[in-house]
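Notes follow once the structure below has been shown.
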Amino acid sequence: MRYSELFCPTLREIPSEAEIISHQLLLRAGFIRKATAGVYTYMPLANRVLRKIMNIIREEMDRAGAQELLMPIVQPREIWEESGRWAVYGDEMFRLKDRHNREFALGPTHEELITSLVNADVHSYRDLPLMLYQIQNKYRDEIRPRFGLMRGREFIMKDLYSFDADYEGLDISYNKMYEAYRRVFERLNLKYRVVEADSGAIGGNESHEFVVLADTGESEIVYCDNCDYAANVEKAACVVEKQDISEPMRDIEKVATPGQKTIEEVSAFLGISKDKHVKTLMYEADGEIIAVVIRGDRELNEAKLKNFLNCAQLFMAEENKVRKLCGATFGSLGPVGLECKVYVDLEVANMRNFVCGANEDDFHLVNVNLGRDFVPEAVADLRNAVKGDKCPICGNSLDVLRGIEVGHIFKLGTKYSEAMNATFLDQNGKEKPFIMGCYGIGVSRTMAAAVEQNHDEDGIIWPIPIAPYHVIIVPVNMKNDKLRTAAEDIYNTLIEAGIETILDDRDERAGVKFKDADLIGIPVRITIGPKSLQENRVEIKKRWEKESELVELTGVLEKVREILKG
RNA sequence: CGGGAUGUGGCUCAGCUUGGUAGAGCGUCUGGUUCGGGACCAGAAGGUCGCAGGUUCAAAUCCUGUCAUCCCGACCA
């Protein structure tokens, strides 16, 4: 490709709408342009990157025994009614009507469609297992599209669905996908972690997320360096250290804490450390107000609470309702004497003589003890895991990382097949629902994640397997015939050798070309300058290294091949 | 949907408080000088100041409404 013909408008300045680095760089480097919030055009270079990511995914899905198909984006309302999700999916689904006023959705996902498809054409256990996938645009009318490609309303996803005759079969399909996903992310050359995930409302019993590590990521994961344990914070089980609770219970005491609201304030005011405090959070769970008690310096994990209560709706109670029930506002609540059900985090069950609100504004209780001063409805693991917690597998200290969720695999079981009455006949001629799994990779998000993980102050540094081009040739002055001819010669040699190469034939100053080459992140740069060319040599620089090296003209192809091999 | 902020040439932003001829830098085009890390000189094009209404002799500026975008929260690949 000649740069002079390449459609790649680069920007010197950071567009003000972009907050995170991948968004900024993809815009600046001319990879993406916004059409409207959360909807982007993939420019030619981005398109090449996406195709490479897709091809790696395809190869691994095919290797695992899956088949690619392509389903429609426009889906009729009826199949969503069958699964019950027309109502449940809510505003996140793009909906439209045709001229006859029939309703449709733009597919946010394809469980419904594929289930009805497979149900129509697969009737026997002999046809199972079956794994089908597609790579296609998905549509989700996110409340808040964010961070460029990270959370788009239109995005590219690989979605695969497995159909098995029994749960043993599902385990096999699931494991095949697990391995295939590992291979995909290995091949993409991304640093990632597989974490146990909360399968939440989907109801499956197993789920893993594939998380590309990046400080700007939205998911938080805890992991153990000693064993293989890793889980997202939603899921990570908190193990309670056996604490010494031989400390004698002291007499409960009510103390005035005028104006002190937050744990920090009360802790400082009373001179009692934060880990001797508990906080009481009021929630509304399916309409019932409940109290949740956790250690003062911890965070409540709403997913755990929701799972534990097995409720459909959970949100923080409104302050006026709380005041009516407890007689105090948020900063002064405590579990003692509360009229509602009280749920207590495991950790609190091991605390003695702690501090909590007195349910009276400007007063707290000290030396409160569970059992003596209040009796909880239940004790459960309800908080977020934090750095330093014990690994639930080996007991080692856990660490925390941030990352971007790029893949997620679920065991669905019969959720959709039962709802949609999708069945096959087993060996005994009995009708049974398909046992399903679903497996997604955010393709466009993976591209953004790759940038998030691979960049420096000058621009993107594409991992070789997904780089839009592998080599960029920069003659420092196009008006110099010798440089130009040498550049053309090398360009032809590389192209003939099948190496994806850009020749920067623009009549620009060298500085401009270097800046652009760095910005768009081509892995190998060949600089052709007058002094080195005099000695029949050119400079070859790897994008991720500072220094370049001089290579004989005759050795360029070999050198490039060597670098690209890794 | 709640909270916050912003809309002025392609990009980044100034001007708005105190109403009076619409600005700068970058980019683009032309000519020239330059030519190894975003050059310089000269010239040029390009804006109904998001949109609609209102106040006023006069609105980018004040008021009302509306739309869009971005950030923070709940959702997720």
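Per chain, numbering begins at 1; letters A, B, ... match sequence-line order.
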Seminar exercise, completed: Glu142(A) atom CD is separated from C1(B) atom P, nearest whole Å, by 15 Å

For this session: Look at the side chain of Thr501(A) and the backbone N and O of Tyr491(A), then say whether any donor-acceptor pair between them is shorter than 3.5 Å.
Result: no

Exercise. Looking at Asp159(A) and Lys138(A), does any basic side-chain N land under 4.0 Å from a carboxylate oxygen?
Worked result: yes

Side chains of residues 209-217 of chain A: which donor-acceptor pairs under 3.5 Å do they make with residues two or more places apart or in other chains?
unit_1: Glu209(A); atom_1: OE1; unit_2: Asn232(A); atom_2: ND2; d: 3.4
unit_1: Glu209(A); atom_1: OE2; unit_2: Asn232(A); atom_2: ND2; d: 3.0
unit_1: Thr216(A); atom_1: OG1; unit_2: Glu452(A); atom_2: OE2; d: 2.6

Exercise. Please, which pairs that meet side-chain hydrogen bond (donor to acceptor under 3.5 Å, both in side chains) have at least one residue in residues 53-62 of chain A, sequence neighbours excluded?
Worked result: Asn55(A)-Arg58(A), Arg58(A)-Glu68(A), Glu59(A)-Arg187(A), Glu60(A)-Arg63(A), Glu60(A)-Arg183(A), Glu60(A)-Arg187(A), Asp62(A)-Tyr133(A)

For this session: Would you mind checking if Arg506(A) and Glu508(A) are paired as a salt bridge, meaning a charged N to carboxylate O distance below 4.0 Å?
Result: no

For this session: Check RNA chain B against residues 40-57 of chain A and give the residues with a non-hydrogen atom under 4.0 Å, in numerical order.
Result: none

For this session: Just jot down the side-chain contact (heavy atoms from CB on, under 4.5 Å) partners of Thr485(A), sequence neighbours excluded, or say none.
Result: Asp489(A)

Problem set entry | Residues in contact with RNA chain B, drawn from residues 147-163 of chain A - heavy-atom cutoff 4.0 Å | Phe147(A), Met150(A), Arg151(A), Gly152(A), Phe155(A), Met157(A)

Exercise. A60(B) pairs with which nucleotide, Watson-Crick or G-U wobble, both distances below 3.5 Å?
Worked result: none

Problem set entry | C76(B) base / Arg445(A) side chain donor-acceptor hit below 3.5 Å | yes

Problem set entry | Residues which pass side chain to side chain donor-acceptor pair (under 3.5 Å) with Asp456(A), listed by chain and number, not counting sequence neighbours | Arg543(A)

Exercise. When all nucleic acid strands are considered with a 4.0 Å heavy-atom cut-off, which category describes Glu209(A): base, sugar-phosphate, or nothing?
Worked result: nothing

Exercise. In Watson-Crick or G-U wobble terms, both distances under 3.5 Å, what is the partner of U69(B)?
Worked result: A5(B)

Exercise. If you measure from the Lys or Arg side-chain nitrogens to the Asp or Glu carboxylate oxygens, is any gap between Glu154(A) and Arg140(A) under 4.0 Å?
Worked result: no

For this session: Decide side chain to side chain donor-acceptor pair (under 3.5 Å) for His408(A) and Ser207(A); before the verdict, give the C-alpha distance in whole Å, the side-chain angles of both, and the deciding distance to 0.1 Å.
Result: CA-CA 7 Å; His408(A) 202 157; Ser207(A) 174; 2.7 Å; yes

Problem set entry | Along RNA chain B (nearest heavy atom to each residue), the more 5'-positioned of Glu92(A) and Ala18(A) | Ala18(A)

Exercise. Can you give one letter per nucleotide of nucleotides 24-40 of chain B, 5' to 3': B if a protein heavy atom sits under 4.0 Å from the base, S if only from the sugar-phosphate, - if neither?
Worked result: -BSS------BBBBBB-

For this session: Provide the full list of ring pair (Phe, Tyr, Trp, His ring centres under 6.0 Å) pairs with a residue in residues 39-69 of chain A, sequence neighbours left out, each pair given once.
Result: His23(A)-Tyr40(A)

Exercise. Is the shortest side-chain N to carboxylate O distance from Lys34(A) to Glu17(A) below 4.0 Å?
Worked result: yes

If you restrict it to nitrogen or oxygen atoms, what contacts under 3.5 Å exist between nucleotides 13-15 of chain B and the protein, and what is each distance?
unit_1: C13(B); atom_1: OP2; unit_2: Ser16(A); atom_2: OG; d: 3.3

Exercise. What residues form a salt bridge (Lys or Arg N to Asp or Glu O under 4.0 Å) with Glu5(A), not counting sequence neighbours?
Worked result: none

Problem set entry | Contacts of type ring-ring contact (aromatic ring centres under 6.0 Å, His included), residue Tyr223(A), not counting sequence neighbours | none

Seminar exercise, completed: From the candidates C71(B), U69(B), A77(B), the one with an atom nearest any side-chain atom of Glu19(A) is C71(B)

Problem set entry | Side-chain N,O (Arg146(A)) to OP1/OP2 (C72(B)) below 4.0 Å | yes

Exercise. Looking at Thr36(A), does any N or O in its side chain come under 4.0 Å of the phosphate oxygens OP1/OP2 on U69(B)?
Worked result: yes

Seminar exercise, completed: Residues passing the ring-ring contact (aromatic ring centres under 6.0 Å, His included) test with Phe147(A), sequence neighbours excluded, are none

Exercise. So what does Ile441(A) touch, heavy atoms closer than 4.0 Å: a base, only the sugar-phosphate, or nothing?
Worked result: nothing

For this session: Let me know the distance between CG of Asp91(A) and P of A74(B), rounded to the nearest Å.
Result: 18 Å

